[in-house]
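One structure below.
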Amino acid sequence: MASAFAVLNETVPAPGWALVGTTAVFAGAVSATSFALMTTGTRLLLNRVNVLGTLFHEGGHALVSILTGGGVFRIEITGAESGQTEHWNPSPFAGILATAAGYAMPPLAGLGAAALLHRGLVPAVLALTAVAMLFILLFTRDVITGAAVVAVGAVVFCALRWAPDWLKNGVAYAEAWLLLTSELGGLGALVANRFRGVVGDDASSLAERTGIPGFFWILGWFVVIGWAVWHAVPLLWP
């Protein structure tokens, strides 16, 4: 047990600017293709990588539901950019928090990863990601979601267990950048949906529950992303 927790304090040498820059560009490309898919329907291979952000989005709903005294029936990933979490909450306020947590969770998790990486705690980022996948797996009831969770978990576990330091850095830094930017496409789709007259998303649900227009919830999530990126970049850049 002690050795299992010891990995949280292990460090690896900091990467150079080339690796950090490459992973940042990769995450930017994924976010760009995500934005294209969510706003125009254009589908590219890189879209599939954004399933990491989708898992953390749905995991955010589930985690806050549990922390506020509620529970989770199931988490389902219906595509790299889409999913749903069936949860129950003990009060209307708890339900609002759980719903709002979806788009906020990935960038906040990315900022947390950046803080750990700044201290060289790359194994901790990989180990905590594996724990997050185990948490989501508890509420998985279908093959597609299970496959997505296992795939992400396998990548981080193999990197943690067998990869050389440079590859550990590559996986962890790519994850941090991806989480920081993964919800840009989803929020772009929410904006586009309002011009198309499409409702039924997290923002419209929150608007119905609180009386605060969905646009302000979307703006708030953009602010959270901007704040997280603003603070994470100095931590990630060598």
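Only this structure's heavy atoms are used, side chains among them; waters, hydrogens and symmetry mates stay out. Start at 1 with the first residue, then count along the sequence. Here the structure is a predicted model, which is why all the values come from computation and not from measurement.
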When you group the ILVMFWY residues by side-chain heavy-atom contacts below 4.5 Å and let the links chain together, are L97 and V224 in the same group? no
**Asked** Any side-chain heavy atom of V171 within less than 4.5 Å of one from L160?
**Response** no
Rounded to the nearest 0.5 angstrom, the CD1-NE2 distance for I66 and H61 is 13.5 Å
Heavy-atom closest pair (T68 atom, P90 atom, distance to 0.1 Å) is O-CG, 3.1 Å
When rounded to the nearest 0.5 Å, the distance separating CG of D202 from CH2 of W217 is 10.5 Å
For L117 and A176 the tightest heavy-atom approach is CD1-CB, 3.9 Å
In this structure, CZ of F139 is separated from CZ of F73 (nearest 0.5 Å) by 11.0 Å
Is the shortest heavy-atom distance from the side chain of P164 to the side chain of L167 under 4.5 Å?
yes
Exam field: side chain T99 to backbone I96, donor-acceptor pair closer than 3.5 Å: no
Check: Will you find, in the side chains of E175 and T129, an N or O donor that is under 3.5 Å from an N or O acceptor?
Finding: yes
Do R74 and T140 have side chains that get closer than 4.5 Å, going by heavy atoms?
no
Residue pair I144, T78: steps toward the side-chain contact (heavy atoms from CB on, under 4.5 Å) verdict: CA-CA 7 Å; I144 293 177; T78 54; over 6 Å; no
Residues L116 and A124: closest non-hydrogen pair is CD1-CB, 4.4 Å
Look only at the side chain of N50 and the backbone of S182, and say whether a donor-acceptor pair between them is shorter than 3.5 Å. yes
Residues F222 and L184: closest non-hydrogen pair is CE2-CD2, 4.0 Å
I'd like to know whether CZ of R161 has more than 12 heavy-atom contacts from other residues, nucleotides or ligands below 6.0 angstrom.
no
**Prompt:** Is there a side-chain contact between F26 and Y173, using heavy atoms and a 4.5 Å cut-off?
**Reply:** no
Should V125 and L134 be counted in the same cluster of Ile, Leu, Val, Met, Phe, Trp and Tyr side chains packed under 4.5 Å apart?
no
Does any part of the side chain of V191, heavy atoms only, come nearer than 4.5 Å to the side chain of F215, both counted from C-beta?
no
Q.
Assigning hydrophobic clusters by single linkage (Ile, Leu, Val, Met, Phe, Trp, Tyr; side-chain heavy-atom cutoff under 4.5 Å), is V25 placed with L178?
A. no
Hey, is CH2 on W166 packed in by over 12 heavy atoms from elsewhere, all under 6.0 Å? no
Go through the steps to decide whether M133 and V150 satisfy the test side-chain contact (heavy atoms from CB on, under 4.5 Å), and finish with yes or no. CA-CA 7 Å; M133 294 304 105; V150 170; over 6 Å; no
Between A232 and L180, the two heavy atoms sitting closest are CB-CD1, 3.5 Å
From the list T85, V72, I136, side-chain contact (heavy atoms from CB on, under 4.5 Å) partner of E58 resolves to T85
(message) Between H57 and Y103 (judged by ring centroids, cut-off 6.0 Å), do the two rings come close enough to count as a pair?
(response) yes
Hphob cluster co-occupancy, L179 + V64, side-chain heavy atoms under 4.5 angstrom | no
Margin query: The test is side-chain contact (heavy atoms from CB on, under 4.5 Å); show your working for T11 and V122 and say whether it passes.
Written below: CA-CA 6 Å; T11 61; V122 173; over 6 Å; no
OG1 (T23) and CH2 (W177) are apart, to the nearest 0.5 Å, by 7.0 Å
Quick one: do the T145 and E76 side chains pair a donor with an acceptor below 3.5 Å?
no
Item to complete: Following the transitive rule for hydrophobic clusters with a side-chain heavy-atom cut-off under 4.5 Å over Ile, Leu, Val, Met, Phe, Trp and Tyr, establish whether L55 and L137 coincide in one cluster.
Response: yes
N169 side chain vs P13 backbone, donor-acceptor pair below 3.5 Å:
yes
All heavy atoms of A148 vs all of V51, minimum pair found to be CB-CG2, 4.0 Å
With no hydrogens and no angle check, is any side-chain donor or acceptor of R209 less than 3.5 Å from a backbone partner on G95? yes
Donor-acceptor pair, side chain of R119 and main chain of A115, under 3.5 angstrom
no
Going by distance alone, is a donor N or O of one side chain under 3.5 Å from an acceptor N or O of the other, for D201 and S204? yes
Inset, instruction - Go through L187 and I225 one step at a time and tell me if the side-chain contact (heavy atoms from CB on, under 4.5 Å) criterion holds. - result: CA-CA 10 Å; L187 292 180; I225 292 174; 3.6 Å; yes
CG of N9 to CG of L121, rounded to nearest 0.5 Å, is 7.0 Å
H87 and S65: side-chain donor and acceptor closer than 3.5 Å? yes
Value for CG (L52) from OG1 (T54), rounded to nearest 0.5 Å, stands at 8.5 Å
**Request:** Specify whether H231 and W227 have parallel, tilted or perpendicular ring planes, treating 30° as the upper limit for parallel and 60° as the lower limit for perpendicular.
**Result:** tilted
